[in-house]
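One structure is given here, and the rest of the page talks about it.
In what follows, chains are A, B, ... by sequence order, proteins preceding strands, each numbered from 1. Since the model is a prediction, treat every value here as computed from it, not as a measurement.
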Amino acid sequence: MPHDLPKSYEPGAIEARWADYWIREKLFSVKTPPPGEKRPVFTLLLPPPNVTGRLHMGHMLNQTQMDIIVRWHRMRGFLTLWLPGTDHAGIATQMMVERQLAKEGKRREDMGREKFMERVWEWKRQYGSAITDQMRRLGASVDWDREYFTMDENLNRAVREVFVRLYEEGLIYRGKYIVNWCPRCGTAISDLEVKHEEVPGKLYEIRYPVVGSNEFITVATTRPETMLGDTAVAVNEKDERYTHLHGKNVLLPLVNREIPIITDELAQPEFGTGAVKVTPAHDPNDFQAGLRHNLPQIDVMDEHAHMNQNAGAYVGLDRYQARKRVLEDLREQGFLVGEKDYTIAIGKCDRCGSVVEPRLSTQWFIKIAPLAERATKVVENGEITIVPENYKTIYLNWMNNIHDWCISRQLWWGHRIPAWHCSCGEIIVSRETPTTCPKCAKATLTQDRDVLDTWFSSGLLPFTTLGWPEKTRDQEVFYPNTLLITGFDILFFWVARMFMLGCHFMDGHKQDAAIKQASGWGEKKDDSVPFRQVYIHALVRDAERQKMSKTKGNVVDPLEVIERFGTDATRFTLAAMAAPGTDIAFNESRTEGYRAFANKIWNAARFMFMNVDRIEPGLRPGCAAESGRPHVGVVDFQAATLEDCWILSRFNRVAKDVNAALETYRFHEAANSIYDFFWGEFCDWYLELIKPRLAEGADPNTARVACSNLVSLFEAALRLLHPVMPFITEEIWQAVYDGKPPVRSIALAPYPQADKKQMDAAAETRMAVLQDLIVNVRNVRAELKVEPKQRVPIQVFAHEPEIRKLFEENQGAVERLANVERVEFADASLAKVAGARHTARFDMHVIYEKKIDIAAERDRLSKELEKIEREIANGQRQLGNEQFLAKAPAKVVEGLRNRTQELQVLREKTSSKLGELK
RNA sequence: AGGCCCGUAGCUCAGUUGGUCUAGAGCGCUUCCUUGACACGGAAGAGGUCGAUGGUUCGAAUCCAUUCGGGCCUACCA
């Protein structure tokens, strides 16, 4: 077939074509294997993006890393399940649809719950696949046949089951507590959804008159408007300033309510005046104190943080207006006695940014301690490995201070809480909708209005996506999930919750023993954990290391980057920059560089095809294997020459490095190894070296071998690169097989593994010396400003016969790559010849009439000599140190000894030459 | 308040348990080259006392302490 590829690589159409092909062919769909199968299994759960989401760099980093690991496993013969889905994203989606409604002049309250829900589903049907369509474009090799949505009927059933079980076990309770309340969203939110911020504020001192005396007691507060709900003033029992007031009452200003002075540890003598107002309905600490002293709870605000009837004259005012008015009135009436600048910590709603109000309300909670205990243990004892390890510390730290989790939300969009209220006050928690109240037998039941926190359902995904609560074969095979790859920003929101809920609900579960063994997890004891390993990656920032955010306007749109440079180049950028544990400052110039890399690969392929078409048009490399087969390195390679032995050896070493790097999620090392190999060794040296063998007029047999080797090596290199750059590798690989590949896709071909038999350390060393000679000649030519086209003779003195032989055998290579006219071999050192170069293994001299710049040469040499001497001195000092000889490993001592010897040879030559020049 | 991370070439970053690190890469920069795969290319080069100080060690960019600078996370103290 004619391989007339365009001169430069155009990713757009090619990528779209293969992305479609992979989906159409269902290449990544996984059939559940029957019992008895011993194949290794790899399971990965996609962190479900919000249905409302648009692909951002964080997603892309996450998905690139996952896809690399997934493709790598698949090519190594694992039965690889990557399970995709989207999250219904309670608040985000509801807000999105409400905004849409607002444009039509409608409000959800007017529509009613049912109509609104229909509308959200409508929205989902229309726009809900935007983000997954974008994933398809990335080439994410997920099993689309198993795609889920967290509001799917089967997942909803599982959610109800979980809720009921936890309730029955006493791990879910309902109660009236202070929760974080967002006045804009109109719902409770969990501790995690509150973002803390420090802002300058004021600390106000207000004096309360003590009843039955003309004394005052002065309290300090940052939130004077809440005084309207005060039900006590607390002082510390040990605080002698207030001992005489114990048991007395004060008259609450503005409201004229009598409230007691109590003693409680809430009041700390060192702070402010040592006396503190107690507002049980508006502060979590005060709430606790209120319970201790049985104080009334007076809520003075409504759900939008406006003052209610309990606020008397202030009713209807927003909390900040109320603060202003309260302060004015207090000042006017002489109660405000102090006002200090003070930094206050405020909490803002993660979603909408409104200041969160601690609010007394009835909510559903999960008693977290028993779940946390188990989830802590499995990380401590290594049943779940968290990588990098510092996230393990962060996780354990958080688990040790974890609070009960408020799971109810006052929203409409989400999993409805499976609880029904009877007019008699009874609450029925049930899997199915109950018809009558078991207590009073009335049929007037209404379902709880609240829905569950979105993270409640996503916390169950590791097992609910595998058919739970049914006992399924999928669970035996795929649970525990092998790995989770996610960002640290949802470590607590999601990861920790999955640990807790997974261990709890899959307690006692056993993975299919044969599969567990084959997958390499034989040593793990606990199969209830949701994952064997969790890899946490960092954030993608902009080039200035700023967090990307819409408000800052510094968001880099991955699709735009892809548009310009290609998906492969963008993926490669993220992989090459993803050193574990560090944030990625996304830099477009890198992507530009990797587009050039793709182009380089493309042109190397053009070169290959050009030769195949001319030399042996029917040539196909021998990779007829499916993934998992043993012959997975370079196939049918006849190492005939030094460069053949060398490149084969290098390939295997690189394959070894890449596999090792991926094993520990060092994506950047994997990417860079391949890059350096492909460009710096394969293209820059190997292709140049074999050109004479391929050239027209060369011996046909030699040409055939060279051509076949080239194709074999290229084919293997494509497989090595495929997980990182899936598109270009597929395109060229298919072309290598002329559109009739042994398997449907390179994604199903075996991944290269290092083969010791193909490694040749001697060839690598010999090649290094040859390269050294060539580079030296080029170097001298540049210094002498020899015309680029002019070929020059050189003179070489080799210290050892083998080196001379090496140069003789590869004379042609030297002549071509260094533009040398002929190589003359000298019998004695050339060190003293002006302009000569020398290394520990050879001396070299370019024969050229142009005079060398003696002064410049002298400068260069004395600089060099200085450096050599410094290093020799350093080496000798160490080698003369007995402690070093005794303690350092033999390899290090040996290396230093050799190095020092070489340096001494160099020093001799350099100094004698320098003497010559003076 | 507690915890975590970062500070290496002009810029963006690598540098796994301290030992061929004689500190690397990409981009940028300088000089030269359109040679039949590729100018998204090739060849050669300049550029860093690894934030600072002190310590541990035969040996430190790498470990410890202090300090300066930058970022992040968690936290119910008025």
Rounded to whole Å, please give me the gap between [atom1] in [X] and [atom2] in [N].
X	N	atom1	atom2	result
A/Ile774	B/A44	CD1	P	11 Å
A/Glu688	B/C33	CD	P	19 Å
A/Arg816	B/U35	CZ	P	16 Å
A/Arg781	B/U31	CZ	C1'	15 Å
A/Asn400	B/C73	CG	P	21 Å
A/Ile490	B/U74	CD1	P	13 Å
A/Met610	B/A37	CE	C1'	6 Å

Give the nucleotide from the list [options] with an atom nearest to the side chain of [X].
X	options	answer
A/Gln878	B/U34, B/C58, B/A37	B/C58
A/Pro889	B/U22, B/C77, B/G19	B/G19
A/Arg606	B/C58, B/G26, B/A37	B/A37
A/Ile394	B/C4, B/A37, B/C33	B/C4
A/Asn397	B/A37, B/G3, B/G45	B/G3
A/Phe884	B/C40, B/C38, B/C58	B/C58
A/His403	B/C38, B/C76, B/G45	B/C76
A/Ala604	B/C58, B/A37, B/C32	B/A37
A/Asn285	B/C77, B/U34, B/G19	B/C77
A/Trp679	B/G41, B/A75, B/C40	B/G41

Please classify the nucleic acid contact of [X] as base, sugar-phosphate, or nothing, using heavy-atom distances under 4.0 Å.
X	result
A/Arg778	sugar-phosphate
A/Asp676	nothing
A/Lys277	nothing
A/Ala267	base
A/Glu592	nothing
A/Ser8	base
A/Pro358	nothing
A/Leu687	base
A/Glu663	nothing
A/Lys392	nothing
A/Leu903	nothing
A/Phe597	nothing
A/Tyr342	sugar-phosphate
A/Ala596	base

Within the 3.5 Å criterion, strictly below it, is a donor on [X] or [Y] matched to an acceptor on the partner's side chain?
X	Y	result
A/Thr839	A/Arg841	no
A/Glu592	A/Ser589	no
A/His403	A/Asp191	no

query = For the residue pair A/Phe597 and A/Phe678, does the interplanar ring angle fall in the parallel (under 30°), tilted (30 to 60°) or perpendicular (over 60°) class?
reply =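 Rings of A/Phe597 and A/Phe678: perpendicular, as their planes differ by over 60°.
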
[N], OP1 or OP2 - any side-chain N/O from [X] closer than 4.0 Å?
X	N	answer
A/Lys600	B/C38	no
A/Lys691	B/U35	no
A/His668	B/G15	yes

request  = Step through it carefully: locate the ring centre of A/Phe335, locate the ring centre of A/Tyr208, and say whether they are under 6.0 Å apart.
outcome  =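 They do not qualify: ring centres at least 6.0 Å apart.
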
request  = Step through it carefully: locate the ring centre of A/Tyr594, locate the ring centre of A/Tyr675, and say whether they are under 6.0 Å apart.
outcome  =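 Between A/Tyr675 and A/Tyr594, which both carry aromatic rings, the centre distance is below 6.0 Å.
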
Taking [M] as the reference, what is the distance to [N] when you measure between their [atom1] atoms (whole Å, please)?
N	M	atom1	answer
B/A75	B/A52	P	36 Å
B/U49	B/U67	P	26 Å
B/G48	B/U56	P	31 Å
B/C58	B/A65	C1'	22 Å

Base-pairing mate for [N] - Watson-Crick or G-U, with both contacts under 3.5 Å:
N	value
B/C40	none
B/U34	none
B/A61	none
B/G7	B/C68
B/U56	none
B/A14	none
B/G2	B/C73

5′-ward residue of the pair A/Ala888/A/Asn672 relative to RNA chain B =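 Nearest-nucleotide comparison on RNA chain B picks A/Asn672.
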
Pairwise 5' ranking along RNA chain B for A/His196 and A/Pro269, keeping only the more 5' one =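 Whichever sits nearer the 5' end wins; that is A/His196.
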
query = Do the numbers put A/Lys691 on top of the ring of A/Tyr686, so that NZ or CZ is under 6.0 Å from the six-membered ring centre and no more than 45° off the axis?
reply =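 No, A/Lys691 does not sit over the ring of A/Tyr686.
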
Pairwise distance CZ(A/Arg497) to CG(A/Leu192) - rounded to 0.5 angstrom =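 Interatomic distance, A/Arg497 CZ to A/Leu192 CG, rounded to 0.5 Å: 5.0 Å.
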
Interatomic spacing from CD1 in A/Ile189 to CG in A/Asp350 - rounded to 0.5 Å =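 If we round to the nearest 0.5 Å, A/Ile189:CD1 and A/Asp350:CG are 7.5 Å apart.
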
message = I'd like to know if A/Lys7 reaches the base of B/C38 with its side chain, counting only an N/O donor and acceptor under 3.5 Å.
response =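 Donor-acceptor pair under 3.5 Å: no.
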
